[in-house]
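First the structure, in the form of structure tokens, and then the observations on it.
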Amino acid sequence: MSEKESVNFIEQIIQNDLAEGKFPDGIKTRFPPEPNGYLHIGHAKSIVLNFGLTQMYKGTTNLRFDDTNPETESTEYVNSIKRDIRWLGYDWEDREYYTSDYFDQLYDFALKLIKEGLAYVDDSDSETILEQKGTVTVPGTESTFRSRSVEENLDLFEGMKKGEFEEGSRVLRAKIDMASPNMHMRDPVIYRIKRMAHHRTGNKWNIYPMYDFAHGQSDSIEEITHSLCTLEFENHRPLYNWLIEKLEIYPSRQIEFARLNLNYTVMSKRKLMQLVEKGVVSGWDDPRMPTISGMRNRGYTPAAIRLFCEKVGIAKRENVIDMSLLEFCVREDLNRVAERRMAVLNPVKLIIENYDEHKEEMLPAINNPEDEAAGEREMPFCRELYVERDDFMEDPPKKFFRLAPGRNVRLKHAFIIHCTGFERDENGELVEIRAEYYPDSRSGSDTSGIKAKGTLHWVSARHADNAVVHMYDRLFKVPEPLADKEVDFLEHVNEDSLEVVKGVKIEPSLTESEALKPFQFLRKGYFVRAENSDGDLPTFNMTVGLRDSWGGKNKK
RNA sequence: AGACCCAUGGUGUAACGGUAGCACAUCGGUUUUUGGUGCCGCUAGUCAAGGUUCGAAUCCUUGUGGGUCUGCCA
């Protein structure tokens with residue numbers, strides 16, 4: 001797939017493990033989302049890592065829903081997550097697991113701890129537990145319930161399970177060390193009472209395990225060899241290892257890497273949720289969102305996202321990736337696969353004065369210069385066309401290669417024309433450009449010997465259809481919306497991130513195009529037809545613009 | 001400031017005691033019937049101070065800077 005010989009630190013660990021013969025049956029990883037939100041590009045990094053590793057080094061990757069909190073989880077999220085992973089191009093085959101499938105086993109693990117005097121039921125309320133926890137510099141104090149007998153603990157825990165106690169009245173805690181410098185070792189809560197239905201187990205349970213008592217053991221149950229997670233779980237690792245040791249279960253190895261951050265956007269589920277709830281965007285799948293579903297609607301391809309995830313690398317350093325890298329990856333893929341079409345976003349009429357008013361001809365146009373197999377289509381040509389308003393200047397600078405009085409320009413796949421005049425209305429607004437064409441300059445059979453510096457895209461005025469285009473800009477005005485903790489990130493929202501362009505003229509072949517199929521609108525950018533049109537007209541979302549060395553230069 | 005983690009061009013990421021490389025971005029050139037694509041090139045980096053060593057981005061010490069941790073969230 002790539003020419004790289006350098007491997008990231010996780011691959012190095014795996015290579016070493018394999019060299020030592022530790023995993024003769026192959027390695028096992030897992031992708032463990034909580035079904036309480038939509039997947040975003042940060043999750044994609046983890047998905048590509050976990051599935052990529054087992055493709056590369058022979059192994060399997062499980063999909064496991066970490067559904068230990070019935071309050072926030074639902075099957076709606078389960079389904080969207082599965083759809084997104086499949087769309088990205090990964091297959092977990094029959095290995096679709098749920099932490100809730102392990103509730104019985106986890107309960108038995110808790111029993112084992114209690115029996116060995118390593119867990120106890122605490123009747124303290126949450127405020128008391130918090131107070132007794134101490135701080136990072138002050139050791140905690142032991143709960144008065146810490147020394148309960150095994151029998152009493154067993155009895156009370158059973159009562160918790162049976163629903164005999166109110167929510168919040170008791171918890172089960174591991175008995176570790178209230179003076180540990182690691183806060184996670186100060187007798188962490190491992191079970192809490194929640195008398196509510198779970199999206200999979202229904203009303204079976206009145207108690208649910210905490211993440212810290214479920215995640216690591218779920219890895220062990222599945223015999224995950226390398227359990228990859230983000231940096232913030234580094235401090236939890238000693239607890240997981242303690243549980244593995246005391247429970248005498250499969251020793252999955254946790255390795256932490258830095259999560260993905262992208263500039264000009266936010267990545268946490270909570271923050272994304274706020275954007276949705278405040279109506280800043282139209283939903284989780286708004287094309288401006290860094291969610292997988294948003295990016296899909298924007299026209300990003302799975303291959304582009306995978307490429308991006310490979311290019312960002314895996315390391316332990318906090319990072320903020322440049323949006324330009326994502327855009328590069330998108331163009332890289334789309335340039336190869338997107339068929340070319342012509343659309344005029346800001347049209348102005350162009351009259352070919354010496355072209356017969358009643359004549360029409362069909363001109364062949366290649367669909368993709370990067371892919372011979374994409375074939376060609378025909379475009380109607382006649383006396384009246386539309387071209388881009390920006391492609392004309394009355395008094396242009398010398399480096400302007402487009403239309404101006406007296407200048408020649410090539411109409412892509414058609415003829416070279418000579419600009420003979422133009423018309424403005426009373427407001428000075430350009431309303432019409434006039435030109436003459438050179439009949440012997442037809443593309444593919446040009447014998448005119450005439451040169452033209454620039455090439456323009458166009459559509460036939462008589463045949464063009466109307467469309468709407470959604471242009472997108474970055475969601476935030478600053479590279480790191482979360483950087484200043486004094487300022488609410490919502491204040492950095494770019495209110496011009498969506499521009500609805502009406503009056504767009506598209507070539508006829510675009511009228512019946514299918515949703516989400518990528519196109520390059522020549523000289524403009526990559527677009528996909530939206531699944532839901534804006535009114536009656538076909539609507540196209542801009543995925544990303546073409547690189548523009550003229551526009552940039554011109555601005556400076 | 002208790003513990004743990006991290007520190008290489010603007011942004012990412014390699015170099016495993018022996019020539020600091022790659023990608024994106026930037027800038028310049030070239031090709032081109034897309035001012036796209038392709039191709040070529042420039043600019044620019046080891047947080048600091050000590051130590052070990054023939055030799056340190058790499059090992060040690062200290063400092064500095066950044067991150068994580070005190071939910072019955074995950």
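Numbers restart at 1 for each chain; the letters A, B, ... are given by sequence-line order, proteins then strands.
The strand RNA chain B forms stems, runs of 3 or more Watson-Crick or G-U wobble pairs with distances below 3.5 Å, at B:2-7 with B:64-69, B:10-13 with B:21-24, B:27-30 with B:38-41, B:47-51 with B:59-63.
Using a distance-only test at 3.5 Å, with no hydrogens or angles considered, a donor-acceptor pair links the side chain of A/E388 to the main chain of A/L345. Side-chain atoms of A/D212 never come within 3.5 Å of backbone atoms of A/I190 as a donor-acceptor pair (strictly under, hydrogens ignored).
More than 12 heavy atoms of other shown residues, nucleotides or ligands fall within 6.0 angstrom of atom CZ in A/R200.
Of all the residues in residues 443-458 of chain A, A/S443, A/G444, A/T455 reach under 4.0 Å from RNA chain B with at least one non-hydrogen atom.
When side chains are defined from C-beta on, A/H418 counts as touching A/Y438, because their heavy atoms get closer than 4.5 Å.
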In B/S/- notation (B base, S sugar-phosphate only, - none; protein heavy atoms under 4.0 Å), nucleotides 67-74 of chain B written 5' to 3' is SBBBSBSB
Its contact letters, B for base, S for sugar-phosphate only and - for none at protein heavy atoms under 4.0 Å, make nucleotides 41-46 of chain B read ------
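One N or O donor and one acceptor, one from the side chain of A/E370 and one from the base of B/G36, sit under 3.5 Å apart. If you check distances only, the side chain of A/R547 never reaches the base of B/G35 with a donor-acceptor pair under 3.5 Å.
Between B/G35 and A/R523, a contact under 4.0 Å exists linking OP1 or OP2 to a side-chain N or O.
Among residue pairs with one or both ends in residues 124-137 of chain A, none qualify as salt bridge (Lys or Arg N to Asp or Glu O under 4.0 Å); sequence neighbours excluded.
Following rounding to the nearest Å, A/L49 (CG) and B/U13 (P) show an atom-to-atom distance of 13 Å. Across the protein-nucleic acid pair, A/L307 atom CG and B/G12 atom C1' stand 14 Å apart, rounded to whole Å. Atom CZ of A/R340 is separated from atom C1' of B/U32 by 13 Å (rounded to the nearest Å).
Ring planes of A/H236 and A/Y240: tilted class, angle from 30 to 60°.
A/F415 has its ring centre less than 6.0 Å from the ring centre of A/F381.
In plain terms, the two heavy atoms of A/L262 and A/V320 that are nearest each other are C-CG1, 4.1 Å.
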What does the list of N/O pairs under 3.5 Å between the protein and nucleotides 15-17 of chain B look like, with a distance for each?
{"residue": "B/A15", "atom": "OP1", "partner": "A/Q12", "partner atom": "NE2", "Å": "3.2"}
{"residue": "B/C16", "atom": "N3", "partner": "A/Q12", "partner atom": "OE1", "Å": "3.2"}
{"residue": "B/C16", "atom": "N4", "partner": "A/Q12", "partner atom": "OE1", "Å": "2.5"}
{"residue": "B/C16", "atom": "N4", "partner": "A/Q12", "partner atom": "NE2", "Å": "2.0"}

